[in-house]
Amino acid sequence: MLSVRKSGAGMKNVKTRNLCLLTVGLLTGLIIPALTLVHLSNIYSENSRVVLNLKYVSNQNITRKVFSSAGINPPELSHLWLTKRIESYSNPKTQVADYKIRSGKQLYYARLAALKTGHIYPSLPKDGTELSLISTRKTQLTYEDWKSLLAMEAKAMTQSQGDNRLGILVGDSLSLWFPQEKLPVDKLWLNQGISGDTCAGVLRRVSVFSETRPDFIYIMVGINDLRKGTTDEIILHNHREIVRKLRQTHPKTKIFLQSILPTRLSAISNTHIRHLNEQLSLIARQEGVYYLNLYDWFADFQGNLRLELTTDGLHLSTQAYDVWRSAIDEAEYKGFNS
């Protein structure tokens, strides 16, 4: 059962999960298990894809301020604008499929290059030239490299958000690789995911975006803790501290603590993950934030990560991000109406 709860709000009705999954299946060819179609209900019209008209911000000093602390000298710009790729499932003309960013290294340098030209995120390259040039760059990126990049993006967003609504993804590689074009289009998005990150790592760096004004924050972290053998006590303690810190710095923001996803890895027990998720649900209720049970959206009949939703038993396929997007749509709908 999909669970989106807030302490004291009494949110018990599951309204749209199954039909959202069915819709995703029809649009993407995703195979939807039969059991997910038992309780169908109406999809809310309020969550139609709204195209956000982004505003140009005429202030080249913003870019200089963001990069000066990092020793980066951007070219002269007449306008700084936050770019956001808007691609509808039903509009194939907007799809760019010939060349894709496939490695963390390519993603890092593409985002860094975008910042230098006054953008928060890059557009997908139209040819392979840009990606081939990346092969000559620094071969080994560090955790600190990524922290610095995310800090610069957060600072740029803080200075340039204007009246636009904002959503923030916080977590590890699962969040990092959420395609920008698949996120809900009615707001700007700031991706604060780092590959391999843990609960402790996220806790130490959430202050980086403390000056932003998000409407929504989505937290997903914990799978790397399990891979490293971190105890449940530490995992849960760090989750609680992450939530408390975000509540303190963003008191008006709707915060979603997302469940840990199932895997197909023999080294990680999905029964263990379900137990942790029960505790995460309790933490969300106690701390007054929402709990988003993604586990049930991603699990098959045996409780494993559905085969069509993963590339390697842990990381997510393109179809998986369509499912995640549907869960976010429903979560935000319920959040607005709670």
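Worth saying up front: this structure is predicted, and the values here are computed from it rather than measured.
For the pair Arg165 (side chain) and Lys187 (backbone), a donor-acceptor distance under 3.5 Å is absent. Within the 3.5 Å criterion, the main-chain N or O of Ala284 finds no donor-acceptor partner in the side chain of His239. Formation of a donor-acceptor pair under 3.5 Å by the Gln279 side chain with backbone atoms of Leu236 is not found in this model. The backbone N or O of Asp197 lies less than 3.5 Å from a partner atom in the side chain of Asn224, making a donor-acceptor pair. A donor-acceptor contact shorter than 3.5 Å is absent between the side chain of Glu287 and the backbone of Ile283. Thr253 places no side-chain N or O within donor-acceptor distance of the main-chain N or O of Asp215, the cut-off being under 3.5 Å. Arg213 contributes no side-chain N or O that, together with a main-chain N or O of Asp163, makes up a donor-acceptor pair within less than 3.5 Å. Remark: side-chain polar atoms of Ser160 are not paired, donor with acceptor, to backbone N or O of Met157 under 3.5 angstrom. A distance-only check finds no donor-acceptor pair linking the side chain of Thr249 to the backbone of Ser210 [under 3.5 Å].
Interatomic distance, Leu307 CG to Ser317 OG, rounded to the nearest 0.5 Å: 9.5 Å. The CG atom of Leu112 sits 10.0 Å away from atom OG1 of Thr117, with the distance rounded to the nearest 0.5 Å. Considering CE of Met152 and NZ of Lys147, their distance stands at 13.5 Å, rounded to 0.5 Å. The CD1 atom of Ile217 sits 5.0 Å away from atom CD1 of Ile255, with the distance rounded to the nearest 0.5 Å. Between the OG1 atom of Thr318 and the CH2 atom of Trp177 there is a distance of 11.0 Å, given to the nearest 0.5 Å. Atom SG of residue Cys199 and atom CD1 of residue Ile260 lie 6.5 Å apart, to the nearest 0.5 angstrom.
Nearest approach of Ala320 to Phe298, heavy atoms of both residues: O-CZ, 3.5 Å. Scanning all heavy atoms of the two residues, the minimum distance from Tyr291 to Asn293 falls at CE2-CB, 3.7 Å. In terms of heavy atoms, Gly303 sits closest to Pro262 at O-CB, 3.6 Å. Across Glu330 and Trp297, no two heavy atoms sit closer than the pair OE1-CZ2, 3.5 Å. Of all the heavy atoms in Phe178 and Tyr321, the pair that sits closest is CA-CE2, 3.4 Å. When all heavy atoms are compared, the tightest approach of Trp146 to Leu176 is CZ3-CD1, 3.8 Å.
A donor atom on one side chain and an acceptor atom on the other are not found under 3.5 Å apart for Asp145 and Ser148. Defined by atom type and a distance below 3.5 Å, a donor-acceptor pair is present between the side-chain atoms of Asn270 and Asn304.
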Begin from the C-alpha positions of Leu305 and Leu265 and carry the test side chain to side chain contact (heavy atoms under 4.5 Å, CB included) through to its verdict.
CA-CA 9 Å; Leu305 180 58; Leu265 304 180; over 6 Å; no
Chi angles and distances behind the side chain to side chain contact (heavy atoms under 4.5 Å, CB included) call for Thr230, Asn238
CA-CA 11 Å; Thr230 306; Asn238 286 334; 5.9 Å; no
Steps toward side chain to side chain contact (heavy atoms under 4.5 Å, CB included) verdict (Ser175, Trp324)
CA-CA 10 Å; Ser175 296; Trp324 194 346; 3.9 Å; yes
Could you walk me through whether Asp232 and His275 pass the side chain to side chain contact (heavy atoms under 4.5 Å, CB included) test, one step at a time?
CA-CA 10 Å; Asp232 289 5; His275 171 73; 3.9 Å; yes
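Under the 4.5 Å side-chain criterion, counting only non-hydrogen atoms from C-beta, Leu190 is not in contact with Pro214. Here the side chains of Asp329 and Pro184 are in contact, with some heavy-atom distance below 4.5 Å. Between Leu149 and Tyr108, the closest side-chain pair of non-hydrogen atoms falls below 4.5 Å. Taking the side chain as every heavy atom from C-beta outward, Leu261 and Met220 approach each other to under 4.5 Å. The shortest side-chain heavy-atom distance between Gln248 and Arg244 does not fall under the 4.5 Å cut-off. Proximity of Leu309 to Asp300: side-chain heavy atoms (C-beta onward) are nowhere separated by under 4.5 Å. Residues Arg274 and Tyr295 meet the side-chain proximity criterion, which asks for heavy atoms closer than 4.5 Å. Between Leu280 and Ile235, every side-chain heavy-atom pair lies at or beyond the 4.5 Å cut-off.
The hydrophobic cluster containing Leu246 does not contain Val208, counting ILVMFWY residues as joined when their side-chain heavy atoms lie under 4.5 angstrom apart, directly or transitively. A continuous path of hydrophobic side-chain contacts links Tyr143 to Leu169 [ILVMFWY only; heavy atoms under 4.5 Å].
None of Gln258, Gln192, Glu332 except one satisfies the side chain to side chain donor-acceptor pair (under 3.5 Å) rule with Tyr218; the exception is Glu332.
Atom CZ of Arg227 sits in a sparse spot, with 12 or fewer heavy atoms from other residues, nucleotides or ligands closer than 6.0 Å.
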